[in-house]
J.: 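Have a look at this one before I ask anything.
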Amino acid sequence: MAIKAEHLNYVYGLGTAFEQRALKDVNLEIKDGEFVGLIGHTGSGKSTLIQHLNGLMKATDGVIYYNGRNIYETGYDLRALRSKVGLVFQYPEHQLFEINVFTDVCFGPKNQGLSKQEAEKRAKEALTMVGLDESFYSRSPFELSGGQKRRVAIAGVLAMEPDVLILDEPTAGLDPRGRDEILDQIERLHKERNMTIVLVSHSMEDIARYVDRILVMNHGEKVFDDTPKEVFKHYKELEAIGLAAPQVTYVIHSLRDHGVPIDNNITTVEEARDEILRLLGN
Ligand code: ADP
Ligand code: MG
């Protein structure tokens, strides 16, 4: 069941001269165990949207359901919702402040009211989930690499045992190695723990091979919601809204335009390699 949004609208500065409609009649559903990518150019409404999904922001209009219950109902426990739907903000390392990695990851569960022992158990599990072993526990978060810092920040949210993990541009500002490190780690959480994941990005290239479904935002509206293959078929429309399909899509379409009978459903480099080898008779 997980999350459902109906006719979501959000206006920043409502009633002022600076009104900014950031979400326009957005409908979506995120099912248990899904890995969804949320894509859109800068300013398209991605960050605004995800902060609605865990109740951090309240819609100007529309409803959000979590496991079938309207979160705007009086008496709904929004605090509990925020630990069920874990949100990792963009540049989360800016919020690392404790003296060492372990204390930092303990902060969330302690704040949830858990005992020291229980919080430490959660922190250990969360750090293991992001692939950081005991040798990291006593290190200062500030001496780590970009990718490692971000893993600590993700562990901080995982320690609260969310059912859904939402990550806002988790690869922003990382070098290719840090980016792969983070994305592979997230993929592992999904595959091995069946965690429901919403991955926000402005790069199709980054997420194409990981996600089951892509939601595309443009100027506050959801314009596509489908499997990567279906969404990439609209590569010309995507370009028009400042997004691009993965590079390999262009190679495939160009080959087809030149009369090569290549399968145009290909969206990854690996698929392209196999198909080209097949055409070459290897
Ligand atoms: P994205 O995450 O896709 O870059 P945002 O959700 O941050 O997009 O922004 C959506 C729109 O809302 C943009 O036009 C942005 O300028 C505007 N916006 C975001 N935050 C604020 C704010 N605090 N006050 C006013 N407008 C905002
Ligand atoms: Mg954003």
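Whatever order the structure lists ligands and atoms in, that order sets their numbers, starting from 1. Note that these values count all heavy atoms, side chains included, but never hydrogens, waters or copies made by symmetry.
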J.: Pairs of nitrogen or oxygen atoms closer than 3.5 Å, one from Thr42 and one from ligand 1: do any exist?
T.: no
J.: Among Gly220, Gly40, Gly13, Gly45, which one has a heavy atom closest to atom 8 (O) of ligand 1?
T.: Gly45
J.: For Leu49 and ligand 1, does the shortest N/O to N/O distance drop below 3.5 Å?
T.: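 Between Leu49 and ligand 1, no N or O pair is found under 3.5 Å apart.
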J.: Establish whether atom 15 (C) of ligand 1 and some protein heavy atom are separated by less than 4.0 angstrom.
T.: no
J.: Between the side chains of Glu29 and Tyr65, does any donor sit under 3.5 Å from an acceptor?
T.: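 Note: Glu29 and Tyr65 side chains miss the donor-acceptor criterion.
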J.: Atom 6 (O) of ligand 1: protein heavy atom closer than 4.0 Å?
T.: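 Under the 4.0 Å cut-off, atom 6 (O) of ligand 1 does have protein heavy-atom neighbours.
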J.: Where on His202 is there a heavy atom closer than 4.0 Å to ligand 1, on the side chain, on the backbone, on both, or on neither?
T.: neither
J.: As an exercise, identify every atom of ligand 1 less than 4.0 angstrom from a heavy atom of His41.
T.: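 Every atom of ligand 1 under 4.0 Å from some heavy atom of His41: 3 (O).
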J.: Would Val26 and Glu221 satisfy side chain to side chain contact (heavy atoms under 4.5 Å, CB included), going step by step from the backbone distance to the final call?
T.: CA-CA 6 Å; Val26 175; Glu221 287 178 85; 5.9 Å; no
J.: Is the ring pair Tyr235/His253 parallel, tilted or perpendicular, if the boundaries are 30 and 60 degrees?
T.: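 Rings of Tyr235 and His253: tilted, as their planes differ by 30° to 60°.
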J.: Compute the ring centroids of Phe107 and Phe97, then answer whether they are less than 6.0 Å apart.
T.: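 Between Phe107 and Phe97, the centre distance is under 6.0 Å.
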J.: Would the distance check show the side chain of Asp104 and the main-chain N or O of Glu98 forming a donor-acceptor pair, the cut-off being under 3.5 Å?
T.: yes
J.: Within the 4.0 Å heavy-atom shell around Thr48, which atoms of ligand 1 are there?
T.: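 The atoms of ligand 1 under 4.0 Å from a heavy atom of Thr48 are 5 (P), 6 (O), 9 (O), 10 (C).
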J.: What part of Gln20, side chain, backbone, both or neither, has a heavy atom within less than 4.0 angstrom of ligand 1?
T.: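 Within the 4.0 Å criterion, Gln20 contacts ligand 1 through side-chain atoms alone.
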J.: Can you tell me how the ring of His94 sits relative to the ring of Tyr91, calling it parallel under 30°, perpendicular over 60° and tilted otherwise?
T.: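 His94 vs Tyr91 ring planes: parallel.
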